[in-house]
Structures are given as structure tokens and as C-alpha cells.
Amino acid sequence: MTFKFETRAIHAGQEADKETGAVIPPIHMSSTFKQDGVGNHRGFEYSRTGNPTRNQFEELMASLEGGRYGLAFASGSAATATVQLMLNEGDHVICGDDVYGGTFRFFDKVMRRFGVDYTFVDTTDPVNVSNAIQENTKLVWLETPTNPLLKVSDIRAITDITSKHGIMSLVDNTFASPYNQSPLDLGASMVLHSTTKYIGGHSDLVGGVVVTNDENIHEQLRFLQNAAGAVPSPFDSWLAMRGIKTLAVRMERHAMNASRLIEYLLERPEVATVYYPFLDDHPNSQVAKEQMRTGGGMISFDLKDGKNAAYNFLKGLELFTLAESLGGVESLCEYPPDMTHGSIPEERRAEIGINPGLVRLSVGIENVDDLIADLEKGFANL
Ligand SMILES: *Cc1c(COP(=O)(O)O)cnc(C)c1O
């Protein structure tokens, strides 16, 4: 029998402790495990290689993504780096041109030094992926929705292309969360999360995970997880599992609050554009509505009067905390041009569409009337 998402979020990988009956399994804060004789162990030898608490978390994440195998890492970036270690000198990767800044930095500044070649294309049109394929292309790296403009790529259309060519595909599903989007069901060979965001959900941990259905990919990644060693602690694995129990209810409320804030923002004369995957004037809203359960909890919008207006708006907010990161229960706000996307050159930002008046909100699960009253304070401060 397979349980539905909300049930799996609470129960998958987590049975009551066999020894004590503890409903919440204990955290195995142990680096090493007693062997009953040389080479005669009970499934665990050393915690970099495997830890019971991490195993539970990995099993839970696999279940939520509808995959067979999950592997946990010390951060989303560690997960990204470990996936790249599957590649060899001379290999080629096609990557979205609007992916997480740290992902771009690792590919461009680190992996290129090892002779791996990257082509960055606008993946919102699958034809661009098709056109970029070379004989040595091994991997297509997608992020959807993207940060901060929430651009959406058609996962099914792109994985149809990659599977025809025998190329691996990975979707960074951090912004959607497994509640809203299931990339493996749409044909992706791997799905990746920064569990720092919606998975953890309480802004109290840093972590990452990769889930796959492909045994061969899993065996390679498991080898690399142990060989490179960027694993999360048992405590962080436990904390992530604790956060996940409420993932479904959190994601519903994030989306409900977001849609109310959007209604409000669309009425404000100071706002030029609102960016959200499910808005009708979003260029890929059709695809978004087909592949996502809700539009999620992230909103970006342009203020007509540019940078000064954005700065004043953010200064006027009291409940929304000015901070990077996203996906926690508390609402956050930020100014992408000088914060999360500050390292991108100005001309490049203009090309992507990151305008000087852009504000990004990570909508939390507070009472929505309080959130709207806070935005009101921001506008009053313009
Ligand atoms: C935060 C983030 C990452 C990196 O994860 P860390 O846990 O910060 O290393 C990767 N992709 C996306 C989309 C992110 O938002």
C-alpha cells in the first residue's frame, strides 16, 4: 500500500524505536559502530559512510520525491558539487542561464578548471536545450522555478529530449519543494534540494539531498558521497525530518498567503510587475499549472521608481525580515540586485530582467492580514 504525500511526510522512514518504543526514533550521534567480530557489523561501520538517522532522512526524501534512492549532503551546494564529481575531463553540461548563483559559481569557477565544459542557455524554451547538445554532453541541469524571477521550464519537454540522447537530467526542485513538483515523475533522472529552504522550513539548518530512481546513478553518487564526505550530521538529518512532518500544511499556507499578497500587490499603483508562476501574464503559466500543485510561496515584484523606492520600501517593513535565504515559516524580504544577486554584473542582471526596482518576498505562514498590513507600511515609506 502506498500512502499519500501528507502521510508519507510524517511516517516514511520513521518507525517507532524497536528497543524502547520511542515514537520519535533516537538521534544516533555516533561516529562509529561496534563490530561483533572483525568485518561482522550490523549494517553500520562509520558515520560518513552511513548513519541510521541519516538513512531515515534519505529514505524519507526518496519517498517524498517518488524515488527509490535518496542521499543527503551537508548543504545544497555540497549536493551540487558531489553530482559534478560524476563527470570526467572533456564532458559537457547544459545548464540553465538563471540558476542559483552558487551553482553557476561552482560550475564556472571551479569545475571548468578540471576540464568540464558548460553551456548556459535559457531553458524556458526547450529548443535552446536541443540546440546546445554536443557529442560529449552528459548532463542537463535545470532549475524551475528560478530565483528571483520565478521563470518556469517545461521539465517533461526537456527530459524527453535528454532521454532520447541518453543524457542525464537533474532538476533543482528547491523553490517548488516536493509538495508542489515531482521532477522524477516528469522524467528527470535526478532531483536536488537545498534542504535549508522549504524542506527544513524553520531557517535552522543547512543541508542538501539528491534523489534518483536510477540504480547506476545512485551507486556512483553513494560512492562519491562517501569518498568526498560532504555529509550532514545526524542532528541536522533529524531536524530536517522534524521539519518535513509539516511540509504539506506549510506549503499550502505559503501558497494561500502568497496569493492574497499578490492580489494586494496587483492593486498597488507603485508596482510595475508581479512575478509568480501561476499568474496569467507569466510567460509559462500554462506549463507551471500543469507541472506544479501550487504556485509556491515566493513572489518578486518591480517597483516603478527603481532602487530608491525598493530601499525605502524594505526599510518600511517591520514583520518581513530583511535577509537572504527563503522557505522558512517566517516571512523574509530582500533586494536581489544588491543581496542574493549582487555578484552578477549589472549588464548581465539587465539581460536576465533583474531590474533596479526588484523586491523578493519569501512569504511565511503568519496571519496574512498582518503580512498585508506590513506591506502597507513599506508603501507608506516610499
Ligand atoms: C539555497 C539554494 C541552493 C544552495 O543550497 P545551500 O544549502 O545554501 O548550499 C541551491 N539551489 C537553490 C535553488 C537554492 O535556493
Side-chain angles (χ1 to χ4, degrees), residues 54 57 61 65 70-85 93 95-111 118 120 123-124 139-153 155 169-181 183 188 190-211 225 228-233 236-237 239-240 243-244 251 254 275 277 292 296-300 323-328 332-334 336 339-344 352 354 360-363:
R54 192 177 89 217
F57 172 44
M61 282 307 302
E65 283 292 1
L71 291 169
F73 297 90
S75 66
S77 304
T80 298
T82 305
V83 170
Q84 299 310 296
L85 296 178
V93 178
C95 181
D97 64 0
D98 189 25
V99 292
Y100 179 70
T103 301
F104 173 77
R105 179 175 56 199
F106 188 73
F107 292 179
D108 189 53
K109 295 275 187 296
V110 181
M111 290 306 294
Y118 292 84
F120 297 93
T123 54
T124 62
L139 172 67
V140 171
W141 188 282
L142 283 185
E143 200 177 300
T144 180
T146 63
N147 177 20
L149 296 173
L150 304 160
K151 294 181 190 167
V152 168
S153 294
I155 298 173
S169 56
L170 180 144
V171 176
D172 182 336
N173 203 24
T174 301
F175 264 48
S177 90
Y179 181 73
N180 281 324
Q181 184 167 272
M190 286 169 269
V191 55
L192 177 143
H193 284 279
S194 165
T195 56
T196 314
K197 317 292 170 52
Y198 284 110
I199 300 286
H202 297 73
S203 307
D204 53 9
L205 67 91
V206 171
V209 76
V210 179
V211 176
Q225 180 197 42
V231 293
S233 75
D236 281 352
S237 302
L239 206 50
I244 288 168
M251 294 316 296
H254 283 299
Y275 303 93
M292 294 173 71
M298 299 299 296
I299 304 173
S300 294
E324 299 194 1
S325 199
L326 59 119
L332 303 180
C333 60
E334 67 122 353
M339 293 173 67
T340 47
H341 294 67
S343 62
I344 300 175
I352 305 172
I354 299 177
R360 188 189 81 180
L361 302 178
S362 172
V363 181

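The figures here come from the full heavy-atom set of this structure, side chains too, leaving out hydrogens, waters and symmetry mates. In listed order, ligands and their atoms are each counted from 1.
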Problem set entry | Sidechain-backbone polar pair: N173 side chain, Q181 backbone, donor-acceptor under 3.5 Å | yes

For this session: Mark yes or no: K197 above the aromatic ring of Y100, with NZ or CZ under 6.0 Å from the six-membered ring centre and no more than 45 degrees from the axis.
Result: yes

Exercise. Ring centres of H193 and Y198 under 6.0 Å apart?
Worked result: no

For this session: Could I get the full list of side-chain contact (heavy atoms from CB on, under 4.5 Å) partners for V99, not counting sequence neighbours?
Result: C95, T103, F104, W141, E143

Exercise. Do E65 and P183 come within less than 4.5 Å of each other through their side chains, counting heavy atoms only?
Worked result: yes

Measure and list all N/O to N/O distances between ligand 1 and the protein that fall under 3.5 angstrom.
unit_1   : atom_1 : unit_2 : atom_2 : d
ligand 1 : 5 (O)  : S194   : OG     : 3.0
ligand 1 : 7 (O)  : G76    : N      : 2.9
ligand 1 : 7 (O)  : S194   : OG     : 2.9
ligand 1 : 7 (O)  : T196   : OG1    : 2.7
ligand 1 : 9 (O)  : G76    : N      : 3.2
ligand 1 : 9 (O)  : S77    : N      : 2.8
ligand 1 : 9 (O)  : S77    : OG     : 2.7
ligand 1 : 11 (N) : D172   : OD2    : 2.7
ligand 1 : 15 (O) : K197   : NZ     : 2.7

Exercise. Is the closest side-chain donor-acceptor distance between T123 and S153 under 3.5 Å?
Worked result: yes

